[in-house]
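Every chain is numbered from 1, with letters handed out A, B, ... down the list of sequences. Keep in mind that the numbers below use all heavy atoms, side chains included, and drop hydrogens, waters and symmetry copies.
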Amino acid sequence: MRNAEVVAMLEETADLIEIAGENPFKARAYRRAAEAIAALQEPIEELVRTKRLHTVEGIGESIARDITEFLQRGTTTRLEQLRAKYPPQLRTLLEIQGVGPRTVAMLYDRLKITTVDELEAAAKAGKLAKLPGMGEQKIRNILESIQVWRRQQERVPIHIALSLAERIVAALQELPEVIAILPAGSLRRWKETVGDLDILVAARNTQPVMDKFTKLPEVQKVLAHGTTKSSVLMANNLQVDLRAVEPESFGAAAQYFTGSKAHNIALRNLALKHGLTVNEYGVFREATGEKVAGETEEGVYEALGLVWIPPELREDRGELEAALKGALPRLVTLDDIRGETHSHTRWSDGAATVEEMARAAMERGYEYIAITDHSPPMGWGVKPDDFRKLIREIRQVSDRLGFPVLAGIEVDIASDGSLHMDEDILRQLDLVIASVHSAMKMDMDAMTRRILKAMENPLVHIIGHPTGRLINQRPPYEVRVDALIEKARETGVALEINGSPERLDLNDEHARIARDAGVLLSIGTDAHRTEHLAFMRFGVAVARRAWCEPKDIVNTRPYTELREWLSARRR
DNA sequence: GCCGTTTTCGGCCCGACTGTTTTCAGTCG
Ligand SMILES: Nc1nc2c(ncn2[C@H]2C[C@H](O)[C@@H](COP(=O)(O)OP(=O)(O)OP(=O)(O)O)O2)c(=O)[nH]1
Ligand SMILES: [Mg+2]
Ligand SMILES: [Mg+2]
Ligand SMILES: [Zn+2]
């Protein structure tokens with residue numbers, strides 16, 4: 001599958017078109033095509049082979065020709081011509097805040113600057129001052145932006161972003177002018193990582209809010225400071241954008257600031273078809289300018305003939321079409337979750353006892369919890385003899401508490417696809433999660449075969465964290481997720497949405513494909529301490545972004561139904 | 001470059017902030 005390469009080619013083409021100063025709509029066309037292919041689940045080669053490239057929205061004759069040529073010779077004539085004019089390493093300069101395609105082109109045309117270091121040197125040597133439109137302030141800003149660029153950090157995982165946002169919201173809440181606050185952007189959409197924090201406030205008098213926001217104690221640098229919008233860089237190098245509107249526009253502003261950008265553009269295009277125009281202040285009739293909505297988000301969507309769309313779905317992946325037809329899914333909620341399917345205790349690498357985990361589950365209002373400690377060969381795995389004792393303890397605790405505690409295991413899948421635990425023990429267990437923890441550097445076919453073999457084992461109920469990725473730390477191991485999904489459909493084995501915020505595995509996109517295939521999913525927190533049971537909200541968020549309804553999630557089922565599913569696998 | 005319940009040509013989301021501009025281009029959300 002060469003989709004990622006094609007996406008990179010199209011993005012480079014788009015960037016270089018902009019730098020070259022060609023029609024910006026052409027650049028947008030290339031960018032839209034890149035997005036469409038990034039969202040594609042099928043290998044692009046297959047689309048080319050079966051002559052279906054044109055069926056992809058945003059791919060016409062020229063881009064189809066580019067893609068075909070790229071797959072044959074690894075580059076395109078279009079790209080070669082652009083590269084001859086502007087070297088591709090110029091694209092790095094675009095990462096510097098405030099430096100866009102026009103500036104990059106001028107820096108190259110006039111000074112042959114191609115790297116950040118050269119730009120810095122030229123600025124310090126006073127060479128930029130000769131350029132048109134380059135005043136002292138602009139040069140100072142570029143130098144400062146280069147420093148920020150050098151410290152630039154990766155995208156922030158959602159659980160960290162949530163707590164940072166809470167602190168800022170609390171500070172803004174103190175301001176007397178603030179009537180309402182809403183953390184928006186990718187955070188409100190529950191994306192797994194966020195690039196910045198986007199916070200919306202309602203206020204009658206917005207200027208003092210902006211003034212006080214830019215003077216918050218943790219602010220390292222003020223990037224912009226206007227009457228309705230400001231941006232700051234916090235001490236931890238996280239950017240925070242604040243937008244303020246009057247209460248009459250709060251709904252429209254919430255819609256705008258929640259995004260995504262692609263959703264906004266699609267929504268605004270839909271409005272135009274109805275003679276309406278949408279901005280962050282409201283929905284207006286194009287002809288008269290009359291305002292028809294804006295105070296609430298529901299009102300904005302309603303004015304366009306849509307039902308309100310949950311933020312998690314706002315990615316322009318079919319949600320507008322579904323909302324038009326009134327066919328949005330009834331997304332699963334935290335309240336729908338009836339129990340925990342993946343947890344650890346001191347018997348392996350957890351911090352709590354079986355009883356503590358069970359009591360914590362009861363406190364959450366669950367109907368059941370499965371204790372699923374590790375198997376060998378991990379050093380902390382429970383050895384077969386100890387596992388018999390662990391099972392006894394689980395039964396005793398369950399009896400004592402009068403609360404269903406399932407005896408489970410997270411068994412390691414060996415390189416050959418066999419399970420690292422005695423079969424007689426697996427038979428005694430109520431719930432078996434099988435997952436990969438070792439020998440992750442296998443080639444794609446071998447890894448896929450390994451997991452498929454485990455799925456064919458009738459003792460296995462769930463495949464845990466199916467791709468093994470750790471957010472910002474480790475890429476997924478190479479595996480054909482579509483093959484796992486197909487096998488899950490065939491066998492009835494559930495795939496896990498691991499809700500541990502460093503994993504979130506399956507991710508939203510894979511979980512959506514699984515759901516569309518009718519595959520059952522299990523949301524487990526992989527709790528290693530009692531507090532980790534609260535990670536369930538992150539797992540639910542992934543499921544919601546995957547369009548999952550309660551019926552798609554096995555642990556929305558009541559205890560008896562869960563037991564029926566578990567034993568049905570064994571027959 | 002793409003696309004079509006108004007179009008095969010003429011649009012393409014829409015607005016805030018900044019710096020250097022004397023009326024707005026560039027960049028970003
Ligand atoms: N209409 C419109 N809205 C935009 C545009 N760019 C950004 N927005 C809106 C939608 C975004 O969700 C919101 C915040 O912008 P961000 O750049 O912070 O993006 P977002 O938070 O979605 O993703 P992030 O995790 O920050 O990369 O502003 C745009 O070009 N047009
Ligand atoms: Mg954002
Ligand atoms: Mg932002
Ligand atoms: Zn685990």
Side-chain angles (χ1 to χ4, degrees), chain A residues 10 13-14 17-19 21-36 53-67 76 78 93-107 128-129 131-142 144-145 184-186 194-200 206-207 210 214 222-232 239-245 249 252-253 255-284 286 304 316 320 324:
Chain A
L10 295 170
T13 306
I17 284 175
E18 279 193 316
I19 291 173
E22 294 182 28
N23 181 349
F25 293 109
K26 293 190 184 183
R28 252 198 41 197
Y30 273 93
R31 217 157 260 138
R32 281 201 59 193
E35 281 162 20
L53 266 184
H54 292 272
T55 64
V56 179
E57 186 96 351
I59 297 186
E61 210 168 313
S62 298
I63 294 184
R65 211 181 317 115
D66 276 6
I67 292 173
T76 68
R78 184 83 163 95
L93 295 174
L94 294 172
E95 293 170 15
I96 293 164
Q97 287 216 20
V99 176
R102 304 280 29 89
T103 307
V104 169
M106 182 174 65
L107 290 171
L128 298 191
L131 301 179
M134 274 287 173
E136 269 180 51
Q137 187 58 43
K138 225 173 213 169
I139 293 168
R140 262 201 302 279
N141 286 348
I142 287 177
E144 283 184 29
S145 290
S186 47
V194 307
D196 66 0
L197 298 180
D198 303 288
I199 298 176
L200 172 68
T206 61
Q207 187 66 60
M210 292 297 138
T214 53
V222 177
L223 303 168
H225 182 178
T227 53
T228 72
K229 177 181 156 177
S230 296
S231 290
V232 300
Q239 182 173 328
V240 183
D241 295 339
L242 183 70
R243 189 71 205 261
V245 296
S249 292
Q255 193 291 312
Y256 151 72
F257 216 25
T258 298
S260 64
K261 174 178 171 177
H263 174 87
N264 287 358
I265 291 176
L267 184 84
R268 290 170 180 207
N269 276 322
L270 181 71
L272 289 173
K273 282 192 200 147
H274 292 96
L276 298 167
T277 176
V278 177
N279 59 29
E280 61 266 52
Y281 302 105
V283 181
F284 304 86
E286 259 195 314
L304 305 175
D316 192 24
L320 289 170
L324 267 176

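If you take CG on A:Leu223 and CG on A:Asp196, they are separated by 10.5 Å, rounding to the nearest 0.5 Å. Atom CD1 in A:Ile265 sits 8.0 Å away from atom CZ in A:Arg268 (nearest 0.5 Å). One finds the CG atom of A:Leu272 at 5.5 Å from the OG1 atom of A:Thr277 (value rounded to the nearest 0.5 Å).
If you take atom C1' in B:dC13 and the same atom in B:dT20, they sit 28 Å apart, rounded to whole Å. Distance check on atom C1': B:dT8 versus B:dC14 gives 27 Å, rounded to whole Å. Comparing the C1' positions of B:dT7 and B:dC3 gives a spacing of 10 Å, expressed to the nearest Å. Atom name C1', nucleotides B:dA25 and B:dT21: the rounded distance is 9 Å, in whole Å. As rounded to the nearest Å, B:dT23 and B:dG29 have C1' atoms that lie 24 Å from one another. Atom C1' of B:dG11 sits at a distance of 29 Å from the matching atom of B:dT18, rounded to the whole Å. Comparing B:dC12 with B:dC17, their P atoms are spaced 24 Å from each other, to the whole Å. For B:dT22 and B:dC28, the C1' atoms lie 24 Å apart once the distance is rounded to whole Å.
Here B:dC13 is the nucleotide among B:dT27, B:dC13, B:dG1 with the atom lying nearest to any side-chain atom of A:Ile265. Taking every side-chain heavy atom of A:Arg102 into account, B:dG26 is the closest of B:dG1, B:dG26, B:dC28. Considering only the side chain of A:Ser62, B:dG1 comes nearest among B:dG29, B:dG1, B:dT27.
Between A:Tyr30 atom OH and B:dC2 atom C1' the separation is 11 Å, expressed in whole Å. Between the C1' atom of B:dA25 and the CE atom of A:Met106 lies a distance of 12 Å, rounded to the nearest Å. Atom P of nucleotide B:dC2 and atom CZ of A:Arg32 are separated by 11 Å, given to the nearest angstrom. Residue A:Ile142 contributes atom CD1, which lies 12 Å from atom C1' of B:dT27 at whole-angstrom precision. The CG-C1' distance, from A:Asp241 to B:dT27, rounds to 13 Å in whole Å. Rounded to whole Å, the distance from NZ on A:Lys273 to P on B:dC13 is 12 Å. Rounding to whole angstrom units, CD1 of residue A:Ile67 and P of B:dG1 are separated by 13 Å. Note: CG (A:Leu128) to P (B:dG26) measures 17 Å, nearest angstrom.
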Indicate for each nucleotide in nucleotides 14-21 of chain B, in 5' to 3' sequence, whether protein heavy atoms under 4.0 Å reach the base (B), only the sugar-phosphate (S), or nothing (-). BBSSSSS-
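Between A:Lys229 and A:Glu280, none of the side-chain N atoms (NZ, or NE/NH1/NH2) sits under 4.0 Å from a carboxylate O, so this pair counts as no salt bridge.
Residues A:Thr103 and A:Ile63 each lie close to DNA chain B; by heavy-atom proximity, the contact nearer the 5' end of the strand is made by A:Ile63. Each of A:Ile17 and A:Val104 was assigned the nucleotide of DNA chain B with the nearest heavy atom; the assignment lying further toward the 5' end belongs to A:Ile17.
Across all strands shown, A:Ile59 has heavy atoms under 4.0 Å from sugar-phosphate atoms exclusively, and none from any base. Here A:Glu18 lies out of heavy-atom contact (under 4.0 Å) with every strand.
Between the side chain of A:Ser230 and the backbone N or O of A:Leu242, no donor-acceptor pair lies under 3.5 Å. Side-chain atoms of A:Arg31 do not come within 3.5 Å of backbone N or O of A:Lys26 as any donor-acceptor pair.
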Under 3.5 Å donor-acceptor pairs involving side-chain atoms of residues 257-264 of chain A, not counting sequence neighbours:
{"from": "A:Thr258", "atom 1": "OG1", "to": "A:Arg188", "atom 2": "NH1", "distance (Å)": "2.7"}
{"from": "A:Thr258", "atom 1": "OG1", "to": "A:Ala254", "atom 2": "O", "distance (Å)": "2.7"}
{"from": "A:Ser260", "atom 1": "OG", "to": "A:His263", "atom 2": "N", "distance (Å)": "3.2"}
{"from": "A:Ser260", "atom 1": "OG", "to": "A:Arg314", "atom 2": "O", "distance (Å)": "3.0"}
{"from": "A:His263", "atom 1": "ND1", "to": "A:Glu319", "atom 2": "OE2", "distance (Å)": "2.7"}
{"from": "A:His263", "atom 1": "NE2", "to": "A:Tyr301", "atom 2": "OH", "distance (Å)": "2.9"}
{"from": "A:Asn264", "atom 1": "OD1", "to": "A:Gln255", "atom 2": "NE2", "distance (Å)": "3.2"}
{"from": "A:Asn264", "atom 1": "ND2", "to": "A:Tyr256", "atom 2": "O", "distance (Å)": "2.8"}

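Distances shown here put a side-chain N or O of A:Gln239 below 4.0 Å from the OP1 or OP2 atom of B:dG29. In terms of phosphate contacts, A:Asn264 brings no side-chain nitrogen or oxygen within less than 4.0 Å of OP1 or OP2 of B:dC13.
Side chains of A:Arg243 and A:Asp198 form no contact here, defined as non-hydrogen atoms less than 4.5 Å apart. Side-chain contact between A:Leu107 and A:Leu128 is present, with at least one heavy-atom pair separated by less than 4.5 Å. Taking the side chain as every heavy atom from C-beta outward, A:Thr103 and A:Met134 approach each other to under 4.5 Å. Residues A:Met210 and A:Thr227 have side chains not in contact (no heavy-atom distance under 4.5 Å, counting atoms from C-beta outward).
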Shorter than 3.5 Å, N or O on both sides, protein versus nucleotides 7-11 of chain B: list them out with atom names.
none

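Glycosidic conformation at B:dT6 (O4'-C1'-N9-C4 for purines, O4'-C1'-N1-C2 for pyrimidines): anti, more than 90° from 0.
With both pairing distances under 3.5 Å, B:dG4 is matched to B:dC9 as a Watson-Crick or G-U wobble pair.
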